[in-house]
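Shown next, in structure tokens, is the structure this report addresses.
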Amino acid sequence: MDQPNQNELEVLRLLWNSAPQKPAELQESFGWEIDNGTLRSVLVGMVERGLLTRKRNGRAYLYSPKVKRETQLRQTVRRLADVFTGGSTGQLLMELAEKETLSPEELKQLKKIARGES
């Protein structure tokens with residue numbers, strides 16, 4: 001399955017936080033402006049690709065994510081690792097940790113994970 005594009009990822013993010021939602025609700029919460037026709041096209045495509053489910057509710061459809069957040073995260077990280085580090089997720093994590101400014105709490109949590117104490 002193809003990786004979701006930016007609009008599709010935003011739909012998933014919104015639905016993972018609160019589902020089901022109508023297209024108008026999604027459009028209102030979108031992180032950037034998206035016109036109604038574009039959003040509806042994105043939603044139909046996502047249903048066809050198995051990323052979303054939809055149920056009729058009166059005259060509108062309610063959309064819910066079919067793909068789990070954890071599954072999509074894992075697939076996306078694997079793809080990033082393939083592109084940037086030859087497939088090594090560990091190397092990808094180390095590079096991200098080196099390049100990002102992490103808070104003391106985030107560093108503490110990473111140390112716990114490294115020690116197997118997650």
Side-chain angles (χ1 to χ4, degrees):
M1 179 186 310
D2 292 338
Q3 289 291 310
N5 65 36
Q6 187 175 2
N7 286 335
E8 292 169 336
L9 286 172
E10 181 68 357
V11 167
L12 287 170
R13 182 186 71 80
L14 293 169
L15 291 174
W16 285 325
N17 288 331
S18 176
Q21 289 190 52
K22 297 177 184 176
E25 295 168 325
L26 290 166
Q27 186 177 13
E28 184 177 304
S29 300
F30 228 71
W32 51 88
E33 280 193 41
I34 185 167
D35 67 69
N36 187 277
T38 300
L39 177 59
R40 288 179 188 275
S41 177
V42 167
L43 293 171
V44 168
M46 291 177 76
V47 170
E48 290 172 354
R49 290 177 47 219
L51 296 171
L52 301 179
T53 61
R54 73 178 181 184
K55 293 182 183 176
R56 188 174 280 287
N57 182 22
R59 295 181 61 214
Y61 283 108
L62 290 174
Y63 291 87
S64 297
K66 192 171 182 179
V67 62
K68 293 182 180 180
R69 182 184 177 280
E70 296 78 18
T71 301
Q72 188 61 53
L73 176 62
R74 222 179 357 263
Q75 290 173 353
T76 301
V77 168
R78 266 193 237 115
R79 177 85 194 270
L80 289 171
D82 287 344
V83 170
F84 290 100
T85 61
S88 171
T89 54
Q91 182 65 34
L92 178 66
L93 290 172
M94 287 185 288
E95 286 190 33
L96 287 171
E98 286 175 352
K99 307 262 185 294
E100 294 296 317
T101 303
L102 301 174
S103 71
E105 186 56 39
E106 289 168 329
L107 288 170
K108 182 178 174 184
Q109 185 63 28
L110 280 176
K111 287 177 185 175
K112 284 177 69 174
I113 292 168
R115 290 191 302 260
E117 301 173 10
S118 62

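A salt bridge is defined here as a Lys NZ or Arg NE, NH1 or NH2 lying under 4.0 Å from an Asp or Glu carboxylate O, and Glu25 with Lys22 fails to meet this definition.
Atoms CE and CG, on Met46 and Leu9 in that order, are 7.5 Å from each other to the nearest 0.5 Å. Interatomic distance, CD of Glu33 versus OG1 of Thr38, reported as 11.5 Å (0.5 Å rounding). Between the NZ atom in Lys68 and the CZ atom in Arg74 there is a gap of 9.5 Å [rounded to 0.5 Å]. Leu12 CG to Lys66 NZ: the interatomic distance, rounded to the nearest 0.5 Å, is 13.0 Å. The CZ atom of Arg13 lies 10.5 Å from the CG atom of Leu26; values are rounded to the nearest 0.5 Å. A distance of 6.0 Å separates CG in Leu102 from CG in Leu110, rounded to the nearest 0.5 Å.
Counting all heavy atoms, side chain and backbone alike, Leu39 lies closest to Pro23 at CD2-O, 3.4 Å. Nearest heavy atoms, Asp35 versus Gln27: C-NE2, 3.7 Å. Contact record, Leu62 with Pro20: CB-CB, 3.8 Å, taken as the closest heavy-atom pair. Residues Pro4 and Leu51 approach most closely at CG-CD1, 4.4 Å, considering heavy atoms. Closest approach of Arg59 to Arg56, counting heavy atoms only: O-NH1, 3.6 Å.
For Arg79, there are no side-chain hydrogen bond (donor to acceptor under 3.5 Å, both in side chains) partners at least two apart in sequence or on another chain. Scanning for side-chain hydrogen bond (donor to acceptor under 3.5 Å, both in side chains) contacts around Glu8 gives Arg49, with sequence neighbours left out. With sequence neighbours excluded, no residue satisfies side-chain hydrogen bond (donor to acceptor under 3.5 Å, both in side chains) with Gln109.
Stacking of Arg54 on the aromatic ring of Tyr63 is not recorded, the 6.0 Å distance cut-off and the 45° axial limit not both being met.
Without hydrogens or angle criteria, Gln72 side chain to Val67 main chain gives no donor-acceptor distance under 3.5 Å. For the pair Ser41 (side chain) and Gly37 (backbone), a donor-acceptor distance under 3.5 Å is absent.
With a 4.5 Å cut-off between side-chain heavy atoms of Ile, Leu, Val, Met, Phe, Trp and Tyr, the cluster of Leu80 takes in Leu73, Val77, Val83, Phe84, Leu92, Leu96.
Applying the ring-ring contact (aromatic ring centres under 6.0 Å, His included) test to residues at least two apart or on different chains, the pairs with a partner in residues 8-58 are Phe30-Trp32. Applying the salt bridge (Lys or Arg N to Asp or Glu O under 4.0 Å) test to every pair with at least one member in residues 105-118, sequence neighbours left out, gives these pairs: Arg115-Glu117.
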**Q.** Residues Val47, Thr53; criterion side chain to side chain contact (heavy atoms under 4.5 Å, CB included); working and verdict
**A.** CA-CA 6 Å; Val47 170; Thr53 61; over 6 Å; no
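Gln91 and Glu95 share a side-chain donor-acceptor pair at under 3.5 Å.
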